[in-house]
Amino acid sequence: MLGTDYIRILFVDLSQERVSIEERKDLFHLLGGTGVAAKLLEENMHPELPPLHEEQPIVFAIGPLSTIFPVATKTVATFISPLTGEYGESHAGGRSAMAIRNAGYDAIVITGRAKRPTYLSISDHSVEFKDARGLWGLGVDETGRIIREREGIPGKRSIMRIGVSGENLVSFAGVNVDTYRHFGRLGLGAVFGSKQLKAIAITGETDIPVSNFKEYYATFRWLYKKVVETDLMAKYHEIGTPINIKVLNAISSLPTKNLKQSTFEHADDISGETFAEQTLVRKVSCVGCPIGCIHVGQFRRLFDKGYEYESLAVSYDHELIYALGSLLGTTAASEVLELIDEVEETGLDAMSTGVVLAWATETLERGLISVDQTMVPLEFGNTDGYKKAIHYLAERKNDFYTVLGHGLAKATEVYGGKDFALVYGGNEMAGYHTGYAFALGQTVGARHSHLCNAGYQYDQSAKELNDEEIIDYIIKEEKERCMLTSLVICLFARKVYDRETVLKALNAIGVPFTDADLDKMAEETFFTRLRIKQKLGYSLQNEKFPKRAFETPTRWGKMDEEHMNRLLQMYIQRLQYEYENYSSRE
Amino acid sequence: MRITVHVNDYFSRYGVHSGEVELPTGATVADLIKTLGIPPAEIGFVVRSSNILKETQQLHDGDVVLILPFALGG
C-alpha cells in the first residue's frame, strides 16, 4: 500500500457473503502484481481439487506504480487455469488498476460460489453482493451497459464481466474489462462462471498518499516525457501491433490456415495499414497511459431487410488479426472485425477461439469429423460459418462444441488430429511462427504465453541461432518480466522502464528498493510460479511440440524436431540447476 | 545501379518512402540503409525475393527489396 510497508488485501467469500481485510508486511518485498498475486494463489489454492471447484481462488493484484506513473496500467489476475489445469495468470488494463487503487486495496482474493448469479460491487467503504439473475445469459456488452446504469460513477469505476462462454464454463472464456481490454488467456471467465460471478464493479475515492510530492512530480514529468517525447512507444500508437502482419508475412512467420502456411496471399488485405485506412475510427488508452495503443475499427452489419444497417466498433490488434484473420483464411479487414465482435459478445478468448476453429476446419477437411458435428461447413475464409461456430462454441451447442470448449489439447484426445493442433504448453498458439525461441518460450513460460519471455523477439533479432543463448535469453527475460509485471507496468513500456527508471520511480514514492532487491524479488516470483506448477502436477518433461510446427517454414526455415526437443531438455536441466541453487540459498 | 525499394509505412517518420534508389555498383545492404537515412537499429529485415539479407550482402542492379521493422509485441 502506498505510504505504508504492507500489502492491503480484500478477501471476499462468495459462499458466505463475507469479507475481511488483511495487511501483510511479509508480502511488501514482492512489490505487487505478479509477485503478490502468485504468492496469494499459492497460499489459497487447493491442488487436490479441480480448477473450477468453488474453493479455488481468484486473485487480483496491482502494484506500487499502478496509476500514479505513466503506463503502469495493468492488473494481474492469478487462478488455476481450467484450460491447462495448472498455473493461470492473465493481465488486463482499462480502468481496473485505477479502480482497485482508489478502492484502497493492493490485492483482492475471491473464493467460494455465490448461491445465485451475483455481481460484486466493491468500493472504498463497502462490498455488496448484488443479484445478477437478470444478467445471467446476457452478452458482454449488454451486461456492461446495465451495470454502468446501475452503478453510476462514470469514468471512475471499472467493470469486469463475462459473457455466456464464461457462464457455460468454456475453458478459454475470458473476462472483459471496460469494453476494450480483457483477462483473455487461460480461462478466467470460466472461473468466474463456476462461482456464479457475472461481474465485478470497482470504484473508490481513497486518497493516494505521496509523502514527497515534489520528488514524485518531478519524476512523473521526467517519465511522462520519456514516454511521449521519445520513439520508445510511438510505434504502438501509430499503426500499432497490426504492423506485424506485413512484417511476419514477409519473413515467413505469419501462421496462416492452421499453419499450413506461414505466408498469406491476402496479408495485404488484413494488414495493419489496411485496417487503419479502411476501418480505424479512434485510438484510446487505459487510464494512466498517454499512448493510445487501443485501435478501434468500425464495420457495418445488416440487421434487417430493407438496407437496415448498424455500425459497430471493436478494438483490434495483431493477435486478433492473426487468430481470426490469417489463421482462418479471412480475406477482408471488415470480416475480421465481424469475427472479433462475435468473440467479444460471447466473452471468449480470441486467440484460443481462432486456433480451435482453424484446427476444426482442417479436421473436417481430413474427414476426422463431419458437418453433422460442426453444424456448419467450416472452410478457411468462410466468415459466416465461423460466426455461427463461435456461438456454438460459447453455448456448448452439441457434444463436439462441448469437447472443443475444453481446449484443443483435450479435443485431440477425442477426435485425433494432434499433429496439426497448434498447442504449446497446453495453450493455443500465439501469432508468431518465428522459430525456436518462440516455440520454446511459449512452451516453458509460466503462463504459456508468448509474453512470458518474448522468444519471438530473439528469433527476429538474432544474427545466428545459438542454443545456449536462447536458453539464457528465455530465462533472463522471464525473470525481468516477473519484476515489471509486479510494478505493474504494461509490457509495451518495458523499454521505458529500464532498471534505472524503475528504481527512480520507486524511490520517488518512498519505496527504498535497490537493484539487488529487484533481482531478489524477480527470482522469488519466478520460482514461486514454478513451485505452484509443480504442486499442481505440472512437468515440462510431458511437453510435446506440434508436428505442424516443423512442417511449415519459419523466419529461420523449417525447424528440426530433434533440435527443438534438445533445446527443451537443455532448458529443463538449466532450470533444475537454477532451482536447486535458489532453494539452497533460501 | 538502380534499386527499387518498398519501405514499410513505419519508416515514414524518418521521411523515407518507397521508390527507386541509385547506388554505386557493388553497394551492400548497409550502404542502402545509410543512403536512405534510416537508423540501422530500427531496421528489422531487408528482404529480396523472400530471402532475408544480411547487412554485408551485395545488391544488384534491378533488385527489388522490402525494408521492414521488427514485429512488435508485449
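Per chain, numbering begins at 1; letters A, B, ... match sequence-line order.
Side-chain contact check for B:Leu66 versus A:Lys246: every heavy-atom pair is 4.5 Å or farther apart. In this structure the side chain of A:Ile243 never reaches within 4.5 angstrom of the side chain of B:Asp9, judged on heavy atoms. Residues B:Leu72 and A:His318 form no side-chain contact, since every pair of their non-hydrogen atoms from C-beta on lies 4.5 Å or further apart. Counting heavy atoms from C-beta on, the side chains of B:Phe70 and A:Gln457 never come closer than 4.5 Å.
Of the listed residues (A:Ile251, A:Leu248, A:Leu491), the greatest number of heavy-atom pairs within a distance under 4.5 Å of chain B belongs to A:Ile251.
With a 4.5 Å cut-off on non-hydrogen atoms, A:Arg555 touches chain B through its backbone and its side chain both. Using a 4.5 Å cut-off between heavy atoms, B:Phe45 touches chain A through its side chain atoms alone. Proximity to chain B is absent for every atom of A:Ser449, based on heavy atoms less than 4.5 angstrom apart.
Considering all non-hydrogen atoms of both residues, B:Leu68 and A:Ala250 come closest at CD1-CB, 3.3 Å. Closest approach of B:Ala71 to A:Tyr432, counting heavy atoms only: CB-CE2, 4.4 Å. Nearest heavy atom pair, residue B:Lys54 against residue A:Glu464, reads NZ-OE2, 3.6 Å.
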- Message: Test side-chain contact (heavy atoms from CB on, under 4.5 Å) on A:Asp231 and B:Glu42; report intermediate values, then the result.
- Response: CA-CA 10 Å; A:Asp231 277 347; B:Glu42 292 292 307; 5.5 Å; no
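Rounding to the nearest 0.5 Å places CG of B:Asn8 at 9.0 Å from OG of A:Ser271.
Using modelled atom types, no side-chain atom of A:Gln460 and backbone atom of B:Gly44 make a donor-acceptor pair closer than 3.5 Å.
Heavy-atom contacts from other residues, nucleotides or ligands closer than 6.0 Å to CD of A:Glu265 number more than 12.
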